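The structure under discussion appears below in the form of structure tokens.
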Amino acid sequence: MNVFDVLKERGFVYQSTDETELRHMLETERVTGYIGYDPTAESLHAGNLVTIMMLAHLQRGGHRPLAIVGGGTALVGDPSGRSEMRQMLTKEKIASNLVGIRGQLSRFVEFDDSETGAKLIDNAEWLEKLHYIEFLRDIGRYFAVNQMIKAKGYAERLEREQGLSFIEFNYQILQAYDYLVLHQRYGCRLQMGGADQWGNIVAGCDLVRRVAGAGAHAVTVELITTSAGEKMGKTAAGAVWLSADRTSVYDFYQYWRNVDDRDIGRFAAIFTFKDMQEVRELGRTDGKTVDEINAAKEELAVAVTALVHGEEAALQARDSARAMFGAAGDLTNAPTTEVSRDRLETGVSVVDLLVETGMLPSKKEARRKIEERGIHVNDEMVSDHHRVITMRDFDAGYAILRVGKKSRRRLLAT
RNA sequence: GCAGGGGUGGUCGAGUGGUUAAUGGCACCGGGCUGUAAACCCGGCAGGCGACAGCCUUACGUAGGUUCGAAUCCUACCCCCUGCACCA
């Protein structure tokens with residue numbers, strides 16, 4: 001099956017250029033395709049996983065994936081979907097972010113010099129060297145302003161009289177130019193990305209056609225939402241990051257472990273490499289027992305976590321979660337906070353501890369949760385604001401502090 | 001540029017001099033029911049302190065002012081929306 005159909009079957013495809021041509025191209029040639037990433041943070045997040053998986057599928061299908069990190073375009077800022085001009089990043093910040101992103105991508109695609117080896121490219125490499133007059137003459141001539149201002153992102157901004165700075169107006173041209181450069185240097189003929197990028201992407205396709213006379217294609221994915229209608233990859237605490245420094249492996253695992261029943265199959269198709277038969281079976285809920293559904297969620301969580309953090313870490317997270325939620329298991333890798341024995345001698349208030357561990361943002365909130373009967377120490381409900389934790393709570397060698405049902409933390413006396 | 005409308009808590013949206021930290025919906029959090037689902041029901045939802053009664057600090061675009069007292073009145077400024085004009 002060609003990559004396009006794989007992507008389509010798994011639920012990635014939202015819009016694309018001519019399907020027949022795309023299929024033909026993917027079936028008869030080794031295609032080089034790219035996706036752009038914003039170096040706005042040093043880590044990518046769960047939402048980026050969608051397009052990362054697309055790159056991986058491309059490579060697995062025998063093609064060559066390019067990940068282009070917009071070091072140059074980030075200096076400009078994409079106005080699409082933003083009502084205000086985006087904050088521009090400094091070069092230094094972008095450079096350091098690139099390093100982090102490179103590491104994360106390498107878990108999904110092979111970076112090497114083979115014919116299908118992935119490459120990470122920073123478009124600053126060519127954008128910074130542009131000569132304005134030359135660029136206008138060689139590239140600018142292909143862009144009709146009449147057409148550009150019809151693009152949704154620009155049109156909205158113009159209508160609102162809010163002002164669209166010239167630098168932002170150029171974003172589309174620069175992204176299209178990226179495509180052209182990648183075509184010229186690597187023979188790139190496919191660009192993929194989020195649906196919000198459609199306009200920018202097809203502008204690139206056009207440019208490649210006009211300048212190089214070659215067919216260039218595009219595929220976009222829709223923004224993935226949860227069945228509850230939320231943007232995928234967001235929690236109350238913020239984005240779910242791929243970096244363990246920002247989102248612990250345990251929390252990452254728990255994010256997937258806690259997905260809505262309705263999302264199991266859809267997510268498994270997009271965020272894992274399990275074959276579709278298995279995906280469909282995982283996602284099936286009717287006729288299944290509760291245990292089977294939960295097992296499916298565990299499998300999904302382990303699979304996704306393993307892709308990002310490795311098999312071993314994923315299994316540890318699963319075991320920790322199991323242990324935290326009742327079943328016997330190894331708590332070694334569960335989220336843990338250490339408390340000094342000195343303090344435990346005199347007793348540490350639960351309220352303080354909840355704040356110290358970061359489980360709750362303030363003492364006020366901690367007291368409130370106690371009133372709401374949402375705080376437990378070793379499965380015993382805390383009913384008094386003044387409850388303190390002492391060595392007596394560490395009979396098991398540790399103590400478990402719990403907020404609500406899902407947030408749990410192991411305390412160790414040191 | 002002229003005229004009219006508007007900027008309220010994560011979001012939507014009430015409130016137009018005084019129990020208003022600000023009705024209500026959504027989101028979110030806690031509890032119940034469950035399965036670490038969904039739906040539903042109950043409660044909470046600015047921050048801090050606390051002997052849990054209470055106290056303090058911030059908050060209704062920004063900065064000032066009037067007043068015992070303002071999100072609510074006045075002044076200036078910023079931004080958005082809708083007409084008209086200008087540019088053609």
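Reminder, nothing fancy here: chain letters follow the sequence lines and each chain counts from 1. Please read these numbers as outputs of a predicted model, since none were measured by experiment.
Comparing the same atom, C1', in B/C55 and in B/C68 gives a spacing of 22 Å after rounding to whole Å. Of the C1' atoms belonging to B/G24 and B/G13, the separation is 8 Å, rounded to the nearest Å. Nucleotides B/A88 and B/C77 have their P atoms positioned 30 Å apart, rounded to a whole Å. Comparing the P positions of B/G61 and B/G10 gives an interatomic distance of 13 Å, to the nearest angstrom. Rounded to the nearest Å, the gap between the C1' atom of B/A76 and that of B/A27 is 38 Å. Taking atom C1' in both B/G17 and B/C60, one finds a spacing of 15 Å when rounded to whole Å. Comparing the P positions of B/A21 and B/C12 gives a spacing of 24 Å, expressed to the nearest Å. Of the C1' atoms belonging to B/G9 and B/C26, the separation is 14 Å, rounded to the nearest Å.
Neither side chain, A/T220 nor A/Q197, offers a donor N or O lying under 3.5 Å from an acceptor on the other. For the 3.5 Å distance criterion, the side chains of A/D5 and A/N2 qualify, holding a donor opposite an acceptor.
Among the duplex regions that RNA chain B forms, those built from at least three successive Watson-Crick or G-U pairs under 3.5 Å are B:1-7 with B:78-84, B:10-12 with B:24-26, B:28-32 with B:40-44, B:46-49 with B:54-57, B:61-65 with B:73-77, ordered by first number.
The CG atom of A/D291 sits 15 Å away from the P atom of B/U34 (whole-angstrom rounding). Between the P atom of B/G30 and the CE atom of A/M381 lies a distance of 15 Å, rounded to the nearest Å. At whole-Å resolution of the value, CG in A/D286 and P in B/A38 are 18 Å apart. In this structure, A/N258 atom CG and B/C29 atom P are separated by 11 Å, rounded to whole Å. Between A/K288 atom NZ and B/U34 atom P there is a gap of 23 Å when expressed in whole angstrom units. As rounded to whole Å, 14 Å separates atom C1' of B/C28 from atom CG of A/L360. The distance from atom CD1 of A/I370 to atom C1' of B/C29 is 15 Å, rounded to the nearest whole Å.
The main-chain N or O of A/V211 is never found under 3.5 Å from a side-chain atom of A/R209 such that the two would form a donor-acceptor pair.
Within the structure, the salt bridge (Lys or Arg N to Asp or Glu O under 4.0 Å) test picks out the following pairs touching residues 267-277 of chain A (sequence neighbours left out): A/K274-A/E278, A/K274-A/E299. Listed by first and then second residue, the side chain to side chain donor-acceptor pair (under 3.5 Å) pairs that reach into residues 51-67 of chain A are A/T32-A/R64, A/Y37-A/T51, sequence neighbours excluded. Note on residues 373-391 of chain A: pairs passing salt bridge (Lys or Arg N to Asp or Glu O under 4.0 Å), not counting sequence neighbours, are A/D379-A/R402, A/E380-A/R387, A/R387-A/D393.
Applying a 4.0 Å cut-off to non-hydrogen atoms, the residues of residues 293-314 of chain A that approach RNA chain B are A/I293, A/N294, A/K297, listed by residue number.
In this structure A/K405 satisfies the salt bridge (Lys or Arg N to Asp or Glu O under 4.0 Å) test with no other residue, sequence neighbours excluded. In this view, A/D138 satisfies the salt bridge (Lys or Arg N to Asp or Glu O under 4.0 Å) rule with no residue, not counting sequence neighbours. With sequence neighbours excluded, the residues that form a salt bridge (Lys or Arg N to Asp or Glu O under 4.0 Å) with A/R280 are A/E9. With sequence neighbours excluded, the residues satisfying ring pair (Phe, Tyr, Trp, His ring centres under 6.0 Å) with A/F135 are A/Y177. Partners of A/Y179 by ring pair (Phe, Tyr, Trp, His ring centres under 6.0 Å), not counting sequence neighbours, listed by chain and number: A/Y34. When the salt bridge (Lys or Arg N to Asp or Glu O under 4.0 Å) test is applied to A/E371, no partner is found at least two apart in sequence or on another chain.
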Per-nucleotide protein contact string for nucleotides 42-52 of chain B (B base, S sugar-phosphate only, - none; heavy atom under 4.0 Å): -BSS-BSSBS-

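Residue A/R262 places its side chain closer to B/A38 than to any other of B/A37, B/G30, B/A38.
Residue contacts shown for A/R257 include a base, since a base heavy atom lies under 4.0 Å away.
Distances shorter than 4.0 Å separate some side-chain N or O of A/K406 from OP1 or OP2 on B/A37.
Counting heavy atoms from C-beta on, the side chains of A/F267 and A/R262 never come closer than 4.5 Å.
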